[in-house]
Every structure is written in C-alpha cells, then in structure tokens.
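Below, chains carry the letters A, B, ... as their sequence lines are ordered, and counting in each starts from 1. All values below were derived from every heavy atom in this structure, side-chain atoms included, with hydrogens, water molecules and symmetry-related copies excluded. Being a predicted model, the structure only gives us computed values, none of them experimental.
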There are 2 protein chains.
Amino acid sequence: MIEEAFKLDNQLCFRLYTASRLLTQAYHPLLSEYGLTYPQYLVLLVLWEKDAQPVNDIARRLFLETNTVTPLLQRMEKEGVLNRRKGENDARQMIVSLSRKGKLLRKKLSGVPFSVGNAVLCDSVTPESTPELFRMLDGIILNLSSR
Amino acid sequence: MIEEAFKLDNQLCFRLYTASRLLTQAYHPLLSEYGLTYPQYLVLLVLWEKDAQPVNDIARRLFLETNTVTPLLQRMEKEGVLNRRKGENDARQMIVSLSRKGKLLRKKLSGVPFSVGNAVLCDSVTPESTPELFRMLDGIILNLSSR
DNA sequence: TATATTTGCATCGTGAACGATATAAATTAA
DNA sequence: TTAATTTATATCGTTCACGATGCAAATATA
C-alpha cells in the first residue's frame with residue numbers, strides 16, 4: 001500500500017515535527033519576555049540541574065552537536081546569562097556556568113512548566129496518559145540515538 | 001514541586017523536539033540522495049496527494065507560515081522539482097504544481113516510508129501501539145493549533 | 001465609484017540545526 | 001621524545017522556522 005504510506009496523515013515524523021514546533025511556539029511568549037529562545041531555555045534546564053559543565057556534556061544531554069551548541073552558548077554569554085571559561089585540567093574544554101542573571105532566571109521562569117503543561121492537556125493527553133506518551137517517545141529517542 | 005517540573009526528564013516538549021530531530025535525521029540519507037530535505041519531502045507528500053495547489057493551502061496543510069514555505073518552494077523550483085505560476089482567477093495566488101521530475105520522485109522514493117517506519121519500531125513503539133501515539137500527538141496538535 | 005480593509009505572497013533579519021572542515025590540546029604509538 | 005591519532009571546541013555554508021514588514025490584488029465599505 002504505497003499510496004497509504006505516502007499520505008501525510010499516516011506519517012509519524014510529520015506529527016512529531018508539527019507537535020514539537022507548535023509546543024515550542026507555546027513557550028515563545030513566556031520565554032521571549034526574558035530574551036530567551038526555547039533551545040536556550042533547554043540549556044538553562046541543563047545548567048540548573050548541574051552547573052559548570054563542559055560544552056560536550058551539555059550537547060550530549062540535549063542530543064545536539066557542538067556546532068549547534070557552541071554558537072547558542074556564545075549568544076547566551078553575550079546576553080550575560082552564563083559564563084564560559086577554559087577548563088583547568090583540560091585546556092580544550094570550555095566550562096559553561098550560570099551567571100547571577102542565569103541563576104535568577106530560574107525563579108522568574110518558575111511558572112513556565114505549569115503554564116505549558118496546562119496548555120497541552122486535552123482529551124487525548126491527560127495526566128494519566130502522559131507516562132505512556134513519554135514511554136513511547138523515549139523508545140523512539142533511544143532507538144534512533146543509538147546508531 | 002518546582003524542582004521536578006524543571007527537570008529535563010519530565011519535559012514533554014524536549015522529548016518531542018528530540019524525537020522529531022532524530023527521526024528527521026533518519027530521513028536524511030534517504031532524501032539527500034535525491035537532493036531533498038525533509039521539509040521539501042513534506043511538500044512533495046502534499047503535492048502527491050493533490051497537485052496544483054496555491055502556496056497558502058500547502059502552508060496550512062503543513063502548519064507552516066508562507067514566509068517559511070515561499071523560500072522552500074523557490075528552492076524546489078530552482079531544483080526543477082516543481083513549477084510556480086500565477087493564479088488565473090486570483091492573481092495574488094501562486095499555484096504550485098509538480099514538474100515531471102517531481103512526479104518521478106514518487107517512484108524513486110517509494111521505499112522511504114517503509115525504511116523509516118522500520119527504523120522507529122521498538123519495544124515501546126509497535127504497530128499495535130502507534131494508533132495510540134498518533135491519537136495523542138493529534139490531540140496536542142489540534143489543541144495547540146486552534147488558538 | 002472612491003476609499004478602506006483584507007488577503008496572498010514575498011522579503012528581511014535572527015536564531016537554530018547540521019554537514020563539513022579547521023584548530024589546538026591531549027593521548028597514544030612508534 | 002617525536003609523530004600519529006583522537007578529542008573538544010569552533011568556524012563556515014546552507015536550509016529551515018518565524019516574527020515583522022512590505023506590496024499588490026481582491027474585496028468590503030462609504
């Protein structure tokens with residue numbers, strides 16, 4: 001059934017692509033108020049969990065390449081959200097740590113997860129069903145990232 | 001539990017974002033062989049379903065804005081995959097239709113849905129569970145696109 | 001009919017993504 | 001120790017996404 005396989009409505013990737021974009025858009029008004037983009041917010045989530053990490057660790061945590069993360073971090077440094085300094089043990093590394101401003105953003109953005117979480121909830125996506133959704137998405141991610 | 005809400009592992013959007021990116025990457029080797037990107041492939045899916053559509057209809061079908069789609073179509077036109085002509089009834093419209101090359105690509109890419117579909121399958125994502133996954137993603141999309 | 005508004009598409013600027021490549025520091029091998 | 005290789009990060013070029021804006025054609029309003 002090649003016909004069916006080509007239909008947009010049967011495509012998993014298109015759904016993921018669209019859902020991801022729309023949900024990122026939902027973050028936009030909440031983040032732009034503080035001059036942040038969604039990928040920059042992800043970097044903050046990583047650093048809020050554990051401050052002072054090399055570029056590589058941040059990139060791996062986000063499943064991104066350093067050639068994506070480096071310019072991102074440079075922009076964030078320019079905005080004063082974080083600092084970058086050469087590693088002491090390994091001079092190749094660039095250690096990224098939160099600035100005072102970056103730490104303060106955590107409190108200012110404390111409402112964001114709740115706001116966005118609420119925006120997503122609907123008949124098909126409930127607090128009860130999200131674990132199953134997470135499980136499936138994690139399966140896809142694990143499957144595709146290990147090759 | 002602000003602490004928990006901020007954890008990357010509790011974020012739906014990050015999962016969607018990552019799964020979408022990784023799955024798009026899985027398409028890459030299959031599409032680049034024919035000089036196509038994933039968004040360009042999506043445009044072809046739309047046109048294979050119904051040829052000769054105005055820019056607006058294509059954009060809406062993909063949940064994209066025309067300022068994203070227009071340059072995409074211009075690149076595809078330059079590659080000879082499709083043609084663009086002024087609308088006859090409404091001169092503002094730009095009618096996009098498949099070229100011979102664009103139509104032929106359908107056969108050449110006939111293995112793509114199957115290849116990618118196989119790459120996704122895992123313990124958590126089976127032919128039996130995908131309808132449920134589709135249902136939840138459709139819920140999110142419907143929910144976020146209608147506002 | 002003249003004017004205002006809406007609609008469809010295009011252009012511009014910025015920030016991701018990502019393949020390809022470069023560079024310097026660290027590690028391994030010779 | 002010197003040379004080859006690997007590793008960590010950065011730079012470059014192209015293609016999205018998307019907010020903001022521009023413009024001409026169509027439609028609505030006065």
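Summarising the geometry, the separation between NZ on Lys78(A) and C1' on dG15(C) is reported as 11 Å, rounded to the nearest angstrom. For Gln93(B) and dT27(D), the CD to C1' distance is 14 Å, given to the nearest whole Å.
Connection of Tyr27(A) to Leu8(B) is established within a shared hydrophobic cluster, with ILVMFWY side chains joined at heavy-atom distances below 4.5 Å, either directly or through further cluster members.
A heavy-atom distance below 4.5 Å is not found between the side chains of Leu144(B) and Gln25(A).
Of the residues listed (Leu137(A), Asp138(A), Ile141(A)), the one engaging Thr18(B) in a side-chain contact (heavy atoms from CB on, under 4.5 Å) is Ile141(A), and it is the only one.
Ion pair Arg61(B)/Glu49(B) flagged as a salt bridge, since at least one NZ, NE, NH1 or NH2 atom sits closer than 4.0 Å to an Asp/Glu carboxylate oxygen. Salt bridge Glu77(A)/Arg85(A): absent, no basic N to carboxylate O contact under 4.0 Å. Ion pair Lys7(A)/Asp9(A) not flagged as a salt bridge, since none of the NZ, NE, NH1 or NH2 atoms sits closer than 4.0 Å to an Asp/Glu carboxylate oxygen.
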* Determine, step by step, whether Val96(A) and Val43(A) satisfy the side-chain contact (heavy atoms from CB on, under 4.5 Å) criterion, reporting the C-alpha distance in whole Å, the side-chain angles of both residues, the deciding distance to 0.1 Å, and the verdict. => CA-CA 10 Å; Val96(A) 181; Val43(A) 169; 5.6 Å; no
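The stretch residues 27-37 of chain A touches DNA chain C through Thr37(A), each having a heavy atom under 4.0 angstrom from the strand. Annotation: proximity of residues 11-22 of chain B to DNA chain C (heavy atom, distance under 4.0 Å) is found for Tyr17(B), Arg21(B), numbered in ascending order. Listed by residue number, Arg84(B), Arg92(B) are the residues of residues 81-92 of chain B with a heavy-atom contact under 4.0 Å to DNA chain C. The stretch residues 42-77 of chain B touches DNA chain C through Pro54(B), Val55(B), Asn56(B), Thr66(B), Asn67(B), Thr70(B), Gln74(B), each having a heavy atom within less than 4.0 Å of the strand.
Atom CG of Asp123(B) has 12 or fewer heavy atoms from other residues, nucleotides or ligands within 6.0 Å. Heavy-atom neighbours of Lys101(A) NZ from other residues, nucleotides or ligands within 6.0 Å: above the threshold of 12. For Glu65(A), the CD atom is loosely surrounded, since the number of other residues' heavy atoms within 6.0 Å does not exceed 12.
Stacking of Arg15(B) on the aromatic ring of Phe134(A) is recorded, both the 6.0 Å distance cut-off and the 45° axial limit being met.
Applying the 4.0 Å criterion to OP1 and OP2 of dG15(C), one finds that Gln40(A) has every side-chain N and O outside that range.
Glu79(A) pairs by the salt bridge (Lys or Arg N to Asp or Glu O under 4.0 Å) definition with nothing, not counting sequence neighbours. Considering only residues two or more places apart in sequence or on other chains, Tyr34(A) meets the ring-ring contact (aromatic ring centres under 6.0 Å, His included) condition with none of them.
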